[in-house]
Amino acid sequence: MKKLLLLLLPLAAGSLYAQENDTIEKKDYGRIYGGFESNAQWYLNDKGRGLNHPEDPVRSNNYLLLNYQLKGFSAGIQVEAYEPNALLNYNPGFKGTNIGTYYASYKTSKLELTAGYFYEQFGSGMLLRAWEDRALGINTALRGGRIVFRPNDNIRLTALYGRQRTGFDVSHGDIYGFDSDFNLSTLFKFEESDLSFGASYVGRYEKIDLPDPQFDELTNMFAGRFNFIHNSFYVSGEYNYKQKDGVLTTQNELTNDFVKPGNAVLLNLGYSKEGLGIDATFRRMENMKVLSERVPTSTGDGLTTSLNFNDKVLNFTPALTKQHHSNLANIYVFQAQSKVDYIDPVRMKAGETGGQIDIFYDFAKETALGGKYGTKIALNMSSWYNLAGSYRAVPADYDTKFFGVGEKYFSDYNLEIKKRLSDKWLTGFYYINQFYNKEWLEGGEKVKTNIVTGEATYNFAANKSIRVEAEHMWADADKKNWAGGTVELNLNDKYSLYVWDIYNYGNDDSSKQTHYYNLGGAYRIGATRIAANYGRQRGGLVCVGGVCRFVPESTGFTLNISTAF
């Protein structure tokens, strides 16, 4: 026994020494993380379309984000390079290489303090949303300070001050904000329901260069909202009000002769249970384009301003329509009409009113319509109009009605059916009926379209598949009929290839009966993705999440690289 104890003693001592070492606290030096993204294009001449490459045919937008975090403290910087120029039709303020954003923040369980650039959204964003979307060339971060206070799990209070980013600079308008969120479920001891409400204030201060101005330098804006959920039912609403302010003339000038307040109402309700979902949204906006500077900046070409690049826009008003993945369904896309726009004495707009409804239904497996694998059906309907009321061009004025509709802007009625035929085959069918009032939205003809799309995906293995899609559009005006097709091949988790083409065969001008072809692929490894393609870009609106920017016709190579670390 003594020999056994003597043998075990060194092991016990070693164990005690190891435990003592484990209790020695390792010094925390924090961590560094971030990401890099590069989007480059090489623009080429295209004799078939009469296109010449720009002065700098090779262009790239590059973003390097570095963050450092140590316990509750964090700091970061984003360096951006647009060399030798930004991609075509991006904000002219994005030029060269410079520091885009930077910040320092300290956070505890109840308090968060931020200095520098920050992103924020109040409610749905109709008064304030500072955000970034590199694909659209949007970065509307605020530079200043923000305080977030959470006294408990049911209350969140936010106060901020800043100036909005524009290019590598900031706008002249001072932005003040306060937001509150309260959850009352605990207070009312709800077990199957959830109730919350919030209130917001946003102020924009900008000096007015007008004699005896008829509106204040500080524009005050207020919002209230609620959200209620009970079992499978939910409803939320929001009301926004903007104090009277100068309205821009058709020449983007500010006068004392056209002064109006603004308001917006948003209502969303729905019902969801297994196999069935219904969601409806209504929105009415009047004079609700909120800018950090009242007058958009001219780009010098006499045609475009900062508004064309979503620059100095303080709020967020996405189009509430279905986001289609079909190439042809994205030829005529709707942009939310939030501002007063007197195009001419006949076409006068004060905002928009309308809504959309989604209905989803799953036919269960082993039923007549469900079959062996079930069937999914989705119906979406949306319609948008100018506000009903009386309009006058000289002197400019309008008087709108809360209910009723004016000139129709857009409608989209579509049906989607997805059916799995076997473990390997998945099919889809889509029918889309659209109306696009190009005359009122961007100038041109009113267009009615009918689009039919069919697709099939075959899975060779869990990570290997091929998808084939064919689509056709019948249009009664503008560029008339289109046809298109897509083939996508996923070779494994790392490699994918695709080729697609849309052909404007129905154009009345035979010289414009163009093929817009694209072929490319992507390689993924870990957090890194490299994608390349060659092809033709159709001029028009490119949209992400219902927010759009115009892009010109072009042909060339594209290279996209992104990674996170």
Side-chain angles (χ1 to χ4, degrees), residues 121-127 129 131 181 183 185 190 192-198 223-240 264-285 288 315-326 329-330 332-338 351-364 369-370 374-385 403 405 408-419 428-435 451 453 543-548:
Q121 176 172 326
F122 290 173
S124 68
M126 284 197 287
L127 287 189
R129 189 192 190 195
W131 62 304
D181 271 310
N183 191 296
S185 301
F190 289 152
E192 298 181 350
S193 304
D194 185 84
L195 175 64
S196 62
F197 75 92
R225 60 187 180 272
F226 75 93
N227 184 71
F228 178 70
I229 302 172
H230 179 70
N231 293 331
S232 299
F233 173 77
Y234 59 89
V235 59
S236 63
E238 182 173 319
Y239 177 75
N240 298 261
V265 178
L266 176 67
L267 180 65
N268 174 247
L269 65 157
Y271 178 81
S272 177
K273 71 172 187 178
E274 185 178 357
L276 174 65
I278 303 174
D279 183 89
T281 304
F282 166 80
R283 184 173 68 191
R284 181 191 186 277
M285 294 192 295
M288 278 301 292
N315 61 341
F316 177 68
T317 52
L320 298 179
T321 60
K322 186 176 179 67
Q323 308 302 301
H324 296 287
H325 74 267
S326 157
N330 283 295
Y332 300 109
V333 289
F334 181 64
Q335 285 195 100
Q337 304 296 300
S338 60
E352 70 172 21
T353 185
Q356 74 166 333
I357 182 170
D358 283 292
I359 302 174
F360 307 93
Y361 190 79
D362 293 349
F363 290 99
L369 295 177
T375 304
K376 299 179 181 294
I377 292 183
L379 177 66
N380 171 271
M381 298 172 286
S382 62
S383 294
W384 295 94
Y385 305 83
F403 297 103
V405 297
K408 186 176 182 179
Y409 292 143
F410 178 84
S411 65
D412 186 330
Y413 311 124
N414 53 83
L415 174 67
E416 175 182 308
I417 302 174
K418 289 189 175 182
K419 175 69 177 176
F429 170 81
Y430 312 88
Y431 169 71
I432 304 165
N433 174 278
Q434 292 178 329
F435 168 77
I451 304 168
T453 301
C543 303
V544 178
V547 178
C548 308

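These figures come from a predicted structure and were not determined experimentally. Values below: all heavy atoms of this structure, side chains included; hydrogens, waters and symmetry mates excluded.
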Exercise. Can you find a pair of side-chain heavy atoms, one from Leu379 and one from Tyr361, that are under 4.5 Å apart?
Worked result: no

Exercise. For the residue pair Ser326 and Ala329, what are the closest heavy atoms and their distance?
Worked result: OG-N, 3.1 Å

Problem set entry | From Phe226 atom CZ to Ser236 atom OG, the distance as rounded to the nearest 0.5 Å | 6.5 Å

Problem set entry | Close side-chain approach of Cys543 to Phe334, heavy-atom, < 4.5 Å | no

Exercise. Counting N and O atoms only, with roles assigned by atom type, does the side chain of Ser232 sit under 3.5 Å from a partner on the main chain of Lys273, one being a donor and the other an acceptor?
Worked result: no

For this session: Applying salt bridge (Lys or Arg N to Asp or Glu O under 4.0 Å), name anything that partners Glu238, two or more places apart in sequence or on another chain.
Result: none

Exercise. Looking at residues at least two apart in the chain, or sitting in another chain, which of them share a side-chain hydrogen bond (donor to acceptor under 3.5 Å, both in side chains) with Tyr413?
Worked result: Ser383

Exercise. Is it the case that more than 12 heavy atoms not belonging to Lys419 sit under 6.0 Å from its NZ atom?
Worked result: yes

Exercise. Which distance, rounded to the nearest 0.5 Å, do you find between the CG of Leu267 and the CZ of Phe282?
Worked result: 8.0 Å

Exercise. Can you check whether Gly546's main-chain N or O pairs, donor with acceptor, with Gln323's side chain at less than 3.5 Å?
Worked result: yes

Exercise. Salt bridge or not for Asp362 and Lys418, using N-O below 4.0 Å?
Worked result: no

Exercise. Can you name the nearest heavy-atom pair linking Tyr409 to Glu352, along with the distance?
Worked result: CE1-CB, 4.1 Å

Problem set entry | Sequence-distant partners of Tyr271, side-chain hydrogen bond (donor to acceptor under 3.5 Å, both in side chains), two or more places apart | none

Exercise. Which residues pass the side chain to side chain contact (heavy atoms under 4.5 Å, CB included) test with Ala280, sequence neighbours left out?
Worked result: Leu269, Ile357

Exercise. How long is the gap from OG1 on Thr317 to CG on Leu266, to the nearest 0.5 Å?
Worked result: 11.5 Å

Problem set entry | Spacing of CD1 belonging to Ile432 relative to OH belonging to Tyr332, to within rounding of 0.5 Å | 14.0 Å

Exercise. Got a second to check how far Gln434's CD is from His324's NE2, nearest 0.5 Å?
Worked result: 5.5 Å

Problem set entry | Contact summary for Ser193 and His230, nearest pair of heavy atoms | OG-ND1, 2.5 Å

Problem set entry | Reported CD1-to-CG distance for the pair Ile377 and Leu276, which is rounded to 0.5 angstrom | 12.0 Å

Problem set entry | Residue pair Val547 / Trp131, side-chain heavy-atom distance below 4.5 Å | yes

Problem set entry | Where Met285 and Ala336 come nearest, the two heavy atoms and their spacing | CE-CB, 4.2 Å

Exercise. So, Gln337 side chain and Gln335 main chain: donor-acceptor pair closer than 3.5 Å or not?
Worked result: yes

Problem set entry | Atom of Asn414, atom of Asp412 and distance for their closest heavy-atom approach | ND2-OD1, 2.8 Å

For this session: Tell me yes or no: between the side chains of Asp194 and Asn183, is some donor less than 3.5 Å from an acceptor?
Result: yes

Exercise. Shortest non-hydrogen contact from Arg283 to Trp384?
Worked result: O-CZ3, 3.5 Å

Exercise. Can you list the residues that meet the side-chain hydrogen bond (donor to acceptor under 3.5 Å, both in side chains) rule with Asp279, with sequence neighbours excluded?
Worked result: Tyr234, Asn268

Exercise. Which residues satisfy the side-chain hydrogen bond (donor to acceptor under 3.5 Å, both in side chains) test with Arg129, sequence neighbours excluded?
Worked result: Gln121

Problem set entry | Test item: Ser185 side-chain N/O and Leu195 main-chain N/O as donor-acceptor pair under 3.5 Å | yes

Exercise. Do Thr375 and Leu369 have side-chain heavy atoms sitting under 4.5 Å apart?
Worked result: no

For this session: Give a yes or no answer on whether the side chain of Asn315 reaches the backbone of Met288 with a donor-acceptor pair at less than 3.5 Å.
Result: yes

